[in-house]
Structures are given as structure tokens and as C-alpha cells.
Trainee: 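If you scroll down you'll find the structure; I have some questions about it.
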Amino acid sequence: MSIQINFKKNLLKKISTNLVLFVDENFNISGLKKHISKHEFSYISDLLKTSDLKKDLFSFQINSNKTIFLVSIKKDIKTSDVENLGANFHAHIYYDRKSDYFVISENINSKIKNFIGYFLHGLRLKSYEFNIYKSKKDKKSVSINIIGNKNKISTQDQLRFKALEEGTFFARDLVSEPGNILHPDEYAKRINSLKKFGLKINIYNEKKLKKLGMNALLGVGQGSIRGSYLVTMEWKGLKNNSKPLAFVGKGVCFDTGGISLKPAKFMEDMTYDMAGSATVVGLMKNLAVRKAKINAVGVVGLVENMPGGNAQRPGDIVKSYSGKTIEILNTDAEGRLVLADALTFTEKKFKPEFMVDLATLTGAIIVSLGSEYAGLFSNNDKLSNQLINAGETVDEKLWRMPLHKNFDKLIDSKNADMQNINYVGGAGSTTAAQFLQRFILHKTPWAHLDIAGMAFSKYGGALNSGGATGYGVRLLNKLIEEYYE
């Protein structure tokens, strides 16, 4: 179902088709008489008397051609709540199946600047569908007509919302693609296509990676017939040479577990093990589309973790780009190997102001936090607080987890500088983050976001209808807007 947004001037006559009206949290409709007939006013008043007013949205079927929606605006409403209202409205019209809806903006009473912009942003985020492989597609088109001059969206804000939606949808598209389509070779090509938005793209293939000594990353992909890559995306939004903000993503396009093979059940979901990288790519597209006034770099490691005659074995020892050696005790703890080389490379080459990495790194974080929070691990309190505050604003929440030197003994190896898993058991997410911290060589402010529980939703969320969520694009964009732009 496609959505068309139209902005129209005030209509003098009452609207005979579907109508969206805004009311206060008590559903006081006395101010709506000029928009609806006496019969409709009486009908809705009577129904509201016996309704549970804790809901945010009511729909009233007036006749076969007309539905009236009442959207409640609470006094303490936040921008994320307004987005959720838009998403909730989309869920209603998806099942209402009518073609035209008229949203009366003049009766919006809220302190939220750009209320209608956030409302429509939530609606569009919820409208995302990944259906390119379906032979029968939903071709229905719906027009959302915004009536009135109040809360008109400025050109600048329209671009900001559009860029954020394009970046989020691009990330969702990448995560939704099956592994036979979006393998590392194809993924690198799709990133390269973003050059047209003004991003500088560099693709390091296996030959270049071997020369650089990125054996931790290369070891993960050596069992696959596909290539392994490190891809950098640079955005120069400032004329000066200020330190860039760096974002690093795990891009395991499909994760079988390698020789440490995963159970067959739900292995098909491992197409989303590259969601951290998709967030970075979507963020960089968003920054380029909206011409963000910052310098930023995105770095992603792209591999496929497969069992094969040349696959990495448990017990192998590899030398990372940092020079540190790693004993591979479990080939299914592969994401941290990809990130290890990517983090050291990013710090050395770009000397960033900070680094934030994102990865669907551990199942343990889902045990800890479910699908409500991503895990945050960091060596810097300032960056941590900024990320947490940005997450609260856009409702992509983070919960800070511990890092401590006492965890180091769990990943120390007798045969190498470290091992890639804690063989004793317990603290799986923390020891993974503790492992990554060893590859930050120059005390650069760094945060690791374990998004395993947030990147993909079986049942859908407030702003998505199930499947890939695009988690992190809006969070990191808000971090940049609030603190660095």
C-alpha cells in the first residue's frame, strides 16, 4: 500500500469522506462542531461516554464511505509519542482500506513544534513494506490530505524527515534481503552506489586486506566462495578538517556459525546478522541526503561465515590488524573478529572524535534486555549519556552495561594474547565488549551497541510492521543533531 501526502488550504464546506481530528486527552469534542454534522457530533458523544478513554485513537464508522478518527494529544506528549500516533493511525487505515483521508491540522493544540511533521513521519515509518519478491503486490494507493495552514512543514524540515526515512528504509531493505542476494560482493556494490549522494566510498577487497594484515576479519570469511571486504564511507559536511565522527558496523551477511555450526531452527534469521552495518550505511545516506553540517565516516566489515573446506577451525590462531593475536575457540563468535580489525583501522586511519560500533553481537544481550533496549558498553561517560539521551528522545532505548578489568581474565588465552569467547560461561555480552575494547589502542572515546534484540522484530513495533527495524539510524542521527551539528 502506497501513501501519498498532500497539503491543501482550508476547505469551507464540511468534508463528507474520512476525517482525522485532534482532541485533548479527555476527548473533549466541543470544538469540533464546525467540522462535523450535528448527527455525527451526537453519535460520537454518546459512544465516548461508554468508551475507555485511555486509548490514544478512536475510529467511528459513520457510514460505508466515512470514518471519523479522533486522535488524543496529551499535555506531556513527546515527539516520539507524536510519531507513535502517526504509526497507530497508519495501522488503522491499513485495515480501513479507504482511499482518501483528510487531516484537519488547525485543531492541533500542542507545544510540540512541527507536530504534523512528526505525525506524518511516524505514519511513513510504519508504512514500510518489503515485498519485492512477492508475485502479487498490494497496489492500493492512499491519499493523506493535510488541511489548514497551521503546523505547515518547512522545506528544511521536510528534507530532514525525508532523509531520515530514506536512510531508515535503506537500512531495512539491506537487512530484509535474503543471503543469496545480499552476499558481501553485492553489498559492496550497493554501498558504492551511494557515491551519487556525495559520499566518498573506498572498498578494500581481500587482496588489500591481506596486505593490511586484517587477518581477524579475513579469517571469518575464508570458508565462503564470496569475497570479504572493508568499506569506508566519508561525508565531509564541513570545510575544515575537524575530526570526523566514526560509526563502525558488523556486516556478516549470513552467519551459519561456521565450523561451530548453529542449530538449524531459526538459522534463516541470520540474514540479519549484518544489521549493525546496515544501520551505519543508512545513517551515512541520511547524512548525505540532508547535507549534514559535520564530518563523519562509516566503516563496515562485510563477510559471510560459512563452513567449508577452507573454513576457519576452532583452535586456530590469527594475528589481527592491531598486531594482537587471537585464539579462535568458537567460530560462531565471529562478529567481534570483524569489528576488532575495523575498529583499529578506523581509529588509526581517521583519528575520529569518537567511535560508535553497532552489531548483532550476542544472544546474551537478548536474555538480559529482550527487545526493549539495546546494550550499551563504553569507555566514556559523556558519550554514553549523550547516546542514552538521544535514544530516549527517539524511543530507540539503550541500557548501559558494565565494562571492568576483572572480566579480562575470562578472555585471556594460554596460547595467544586473547581468546574470542569466555569458555567458563556467563557475562557473554560483557566479555564480547571487553574483547572489542582491547582494539581501541589510543583511548579514543568509544561506545559499543549490541543491537541483537532490536534489529529485527518478529511481531512488529511501534514504528515498524515486523521484520527489519532499521534500529539505530534515528538514534545516531539524533545524537549528531543534538550534540555535534
Side-chain angles (χ1 to χ4, degrees), residues 1-9 11 15-20 57 59 61 64-69 71 82-105 114-148 151-153 155 157-178 181-182 190 193-194 196-197 278 282 285-286 289-290 456-457 459-470 473-474:
M1 185 173 78
S2 62
I3 303 288
Q4 180 70 41
I5 308 293
N6 305 304
F7 291 88
K8 298 178 179 290
K9 293 182 179 180
L11 296 181
I15 297 171
S16 60
T17 187
N18 307 292
L19 198 56
V20 182
L57 191 153
S59 63
Q61 188 77 39
S64 60
N65 296 317
K66 186 173 186 177
T67 303
I68 293 178
F69 296 86
V71 181
V82 181
E83 292 167 349
N84 290 341
L85 285 176
N88 192 6
F89 174 58
H90 177 270
H92 278 75
I93 64 174
Y94 185 82
Y95 294 104
D96 198 44
R97 308 304 288 177
K98 295 190 175 72
S99 299
D100 286 283
Y101 297 84
F102 290 82
V103 179
I104 307 298
S105 68
N114 212 352
F115 184 101
I116 203 71
Y118 285 107
F119 182 82
L120 294 174
H121 182 54
L123 186 154
R124 282 188 288 248
L125 287 172
K126 186 73 170 182
S127 72
Y128 173 85
E129 295 177 309
F130 186 79
N131 58 10
I132 62 174
Y133 299 109
K134 289 189 174 182
S135 54
K136 292 184 178 180
K137 296 179 175 61
D138 185 353
K139 296 181 180 180
K140 184 174 178 58
S141 179
V142 174
S143 293
I144 308 295
N145 304 287
I146 312 301
I147 309 301
N151 291 290
K152 190 174 182 181
I153 309 173
T155 303
D157 283 332
Q158 285 187 46
L159 176 61
R160 184 167 64 89
F161 286 124
K162 176 177 178 288
L164 203 46
E165 288 153 18
E166 286 191 13
T168 302
F169 290 167
F170 194 62
R172 290 179 181 178
D173 284 345
L174 292 170
V175 175
S176 300
E177 287 283 11
I181 302 295
L182 196 79
R190 293 199 188 186
S193 72
L194 298 179
K196 63 188 176 185
F197 295 102
K285 180 179 181 180
N286 157 66
V289 169
R290 72 176 181 84
F456 191 89
S457 173
Y459 50 82
L463 298 178
N464 66 83
S465 299
T469 65
V473 176
R474 298 166 66 247

Trainee: So do the side chains of Leu159 and Val289 get within less than 4.5 Å of each other, counting heavy atoms only?
Mentor: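 A side-chain contact exists here, since the closest heavy-atom pair is under 4.5 Å.
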Trainee: Enter the distance from Arg160:CZ to Thr155:OG1 here, rounded to the nearest 0.5 Å.
Mentor: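 Taking CZ in Arg160 and OG1 in Thr155, the distance rounds to 13.0 Å.
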Trainee: Carefully, step by step, assess Arg172 and Phe130 under the rule side-chain contact (heavy atoms from CB on, under 4.5 Å).
Mentor: CA-CA 8 Å; Arg172 290 179 181 178; Phe130 186 79; over 6 Å; no
Trainee: Please check if the side chain of Thr67 supplies one atom and the backbone of Gln61 the other of a donor-acceptor pair under 3.5 Å.
Mentor: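 Not at all, since once roles are kept as given, no pair shorter than 3.5 Å links the two residues.
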Trainee: Just verifying a value: how many Å separate Phe7 CZ and Leu120 CG, rounded to the nearest 0.5 Å?
Mentor: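 If I round to the nearest 0.5 Å, the distance is 5.5 Å.
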Trainee: Might you point out which heavy atoms bring Val473 and Ala171 nearest each other, and give the distance in Å?
Mentor: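 So the two residues come closest at CG2-CB, 4.0 Å.
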Trainee: Verify, without hydrogens or angle tests, whether Ser193 (side chain) and Arg190 (backbone) share a donor-acceptor contact under 3.5 angstrom.
Mentor: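 Looks like yes, one N/O pair under 3.5 Å.
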Trainee: Below 4.5 Å, heavy atoms only, C-beta onward: do Ser176 and Tyr128 meet side chain to side chain?
Mentor: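 Side chain of Ser176 against side chain of Tyr128, heavy atoms only: contact under 4.5 Å found.
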Trainee: Rounded at 0.5 Å granularity, tell me how far OG in Ser2 sits from NZ in Lys137.
Mentor: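 Between atom OG of Ser2 and atom NZ of Lys137 there are 13.5 Å.
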Trainee: Run the salt-bridge test on Glu129 and Lys134 with the 4.0 Å N-O cut-off and return the result as yes or no.
Mentor: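 No salt bridge links Glu129 with Lys134.
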Trainee: Show your working on side-chain contact (heavy atoms from CB on, under 4.5 Å) between Phe89 and Val20 and close with a plain yes or no.
Mentor: CA-CA 9 Å; Phe89 174 58; Val20 182; 3.4 Å; yes
Trainee: Check the angle between the aromatic planes of Phe115 and Phe119 and answer parallel, tilted or perpendicular using the 30° and 60° thresholds.
Mentor: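 Answer is parallel, since the angle falls under 30°.
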Trainee: To the nearest 0.5 Å, what is the distance between OG1 on Thr17 and CG on Asn145?
Mentor: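 Separation between the atoms: 9.0 Å.
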Trainee: Do Phe69 and Leu57 have side chains that get closer than 4.5 Å, going by heavy atoms?
Mentor: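 When only atoms from C-beta onward are counted, Leu57 and Phe69 do touch, with a gap below 4.5 Å.
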Trainee: If only atom types and distance count, is the side chain of Ser143 paired as donor or acceptor with the main-chain N or O of Gln4 below 3.5 Å?
Mentor: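 A pair under 3.5 Å: no.
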Trainee: When you measure from the side chain of Asn18 to the backbone of Asp100, do you find a donor-acceptor pair of N or O atoms at a distance under 3.5 Å?
Mentor: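 Such a contact is found between Asn18 side chain and Asp100 backbone.
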Trainee: Could you measure the distance from the OH atom of Tyr101 to the CD1 atom of Ile93? Nearest 0.5 Å is fine.
Mentor: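 It is 5.5 Å, given to the nearest 0.5 Å.
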Trainee: Do the side chains of Arg290 and Glu166 get nearer than 4.5 Å, heavy atoms only?
Mentor: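 Side-chain contact under 4.5 Å: no.
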Trainee: Is it true that a side-chain atom of His92 and a backbone atom of Asn88 form a donor plus acceptor pair closer than 3.5 Å?
Mentor: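 Yes.
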Trainee: Under a 4.5 Å cut-off applied to non-hydrogen side-chain atoms, are Ile153 and Ile146 in contact?
Mentor: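 Ile153 vs Ile146: side chains apart.
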Trainee: Between His121 and Asn114, is there a side-chain heavy-atom distance shorter than 4.5 Å?
Mentor: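 A side-chain contact under 4.5 Å is absent here.
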Trainee: Using side-chain heavy atoms (C-beta onward) and a distance below 4.5 Å, is Arg124 in contact with Ile5?
Mentor: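 Yes - at least one pair of side-chain heavy atoms lies under 4.5 Å apart.
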Trainee: Glu177 vs Tyr133, test: side-chain contact (heavy atoms from CB on, under 4.5 Å). Steps then yes/no.
Mentor: CA-CA 10 Å; Glu177 287 283 11; Tyr133 299 109; 2.6 Å; yes
Trainee: If every non-hydrogen atom of Ser105 is compared with every non-hydrogen atom of Gly148, which pair is closest and at what distance?
Mentor: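 It is OG-O, 3.5 Å.
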Trainee: Can you tell me how far NZ of Lys126 sits from CG of Asn84, rounded to the nearest 0.5 angstrom?
Mentor: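 Taking CG in Asn84 and NZ in Lys126, the distance rounds to 9.0 Å.
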Trainee: Going by heavy atoms in the side chains, are Leu463 and Glu83 under 4.5 Å from each other?
Mentor: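 When only atoms from C-beta onward are counted, Glu83 and Leu463 do touch, with a gap below 4.5 Å.
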